[in-house]
Amino acid sequence: MRFLPVLLLFLSAQALAAEKPLVFVSVLPQTTIVKGIAGDLVQVEAMVGKGFNPATYQPSPRQIARLSDAVLYVRAGMPFEQSWLPRFLAVNPSMKVLDMRKGLKLLPAHGHHAGEEDPHVWTDPLLVKRHAQYLRDTLSELYPAEKHRFERNYRQFATRLDELDRELNAMLTPVEGGSFLVYHPAWSYFAHRYGLRQIAVEQGGKEPNPRTLAQLIETARKAKIHTVLVQPQHSSATAKVLAEAIGAKLLEMDPLAPDFFSALRKLAAALARQAS
């Protein structure tokens, strides 16, 4: 019977692991931010999993059930949240909600109705740093005993973001003022931060008509664009046509990749190569 205490220890450790506070986020890049500040104190789940499109996403019944255990929901301002957030709160009225866009200078959503804002703020490391402060404060309110830990994690995370910003700046200074072509306009904050121009194929969530496509081809030729960015969540048939017409290559870049640090480095490297 000597192994019984060991077994009990193991089971209680498992129970503890299962009872970590649950934080829900809208999209995968936010999981990296929450883990950056909370470390392993919480478990994080994203509403929109790998390969799903946040514009058309429908939460699953399992996710709605999971939400009843969540202590915090960090929304990104994705289209599905407009109609679903009241339902999330109906399931769990005590769940705290933090809007990732709080306190940030937002850009208008490209080609959408007036008043709509672009939610992809994690493509700018300095906006992430600002958001991380609000996240640190929100977690400290929820768990005051861990305040020092959140503060320490925040400082380390902020240092990494500053380093990323310096790195991207150095890579992109030679191509400042240049343009890049994307199928879906998910990189506006990145372009805005580093002095680049993002030209989008998709307008307000719709495919371009033949006339718009002809204008895009003309614009891309003038701007000497050699790369068309596509993302896994969107069909890229039109992007292929466009790339062939201007002699550019298609490059898959995922703005919803959990590790936005490497996604932004990869994008900056591709744009720097395009110009060399």
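Computed from a predicted structure; not experimentally measured.
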Are any of the side-chain nitrogens in R149 or E146 under 4.0 Å away from the carboxylate oxygens of its partner? yes
Determine whether Y57 and M78 make a side-chain contact, defined as any pair of heavy atoms from C-beta on separated by less than 4.5 Å. no
Who pairs with W122 by ring-ring contact (aromatic ring centres under 6.0 Å, His included), at least two apart in sequence or on another chain? H120
Please list all pairs passing the salt bridge (charged side-chain N to carboxylate O under 4.0 Å, His left out) test where one or both residues lie in residues 123-139, with sequence neighbours left out. D124-R193, K129-D162, R136-E151
How long is the span from the CG atom in L142 to the NZ atom in K147, to the nearest 0.5 Å? 13.0 Å
Taking atom types as modelled and ignoring hydrogens, do the side chains of E202 and H184 form a donor-acceptor contact shorter than 3.5 angstrom? yes
Go through the structure and list residues passing side-chain hydrogen bond (donor to acceptor under 3.5 Å, both in side chains) with E81, not counting sequence neighbours. S26, Y73
Should we say atom CZ of R87 is surrounded by more than 12 heavy atoms from elsewhere, each under 6.0 Å from it? yes
How about CD on E252, more than 12 heavy atoms from neighbouring residues, nucleotides or ligands closer than 6.0 Å, or not? yes
Side-chain donor-acceptor contact under 3.5 Å, E207 with Y183: yes
Could you check whether S188 and D118, counting side-chain N and O atoms only, form a donor-acceptor pair closer than 3.5 Å? yes
Would you find more than 12 non-hydrogen atoms of other residues, nucleotides or ligands less than 6.0 Å from F52 atom CZ? no
ring-ring contact (aromatic ring centres under 6.0 Å, His included) between F190 and Y194: does it pass, once the steps are laid out? CA-CA 6 Å; F190 171 86; Y194 301 107; 5.5 Å; yes
Distance under 6.0 Å and angle within 45° of ring axis: R160 vs F261: yes
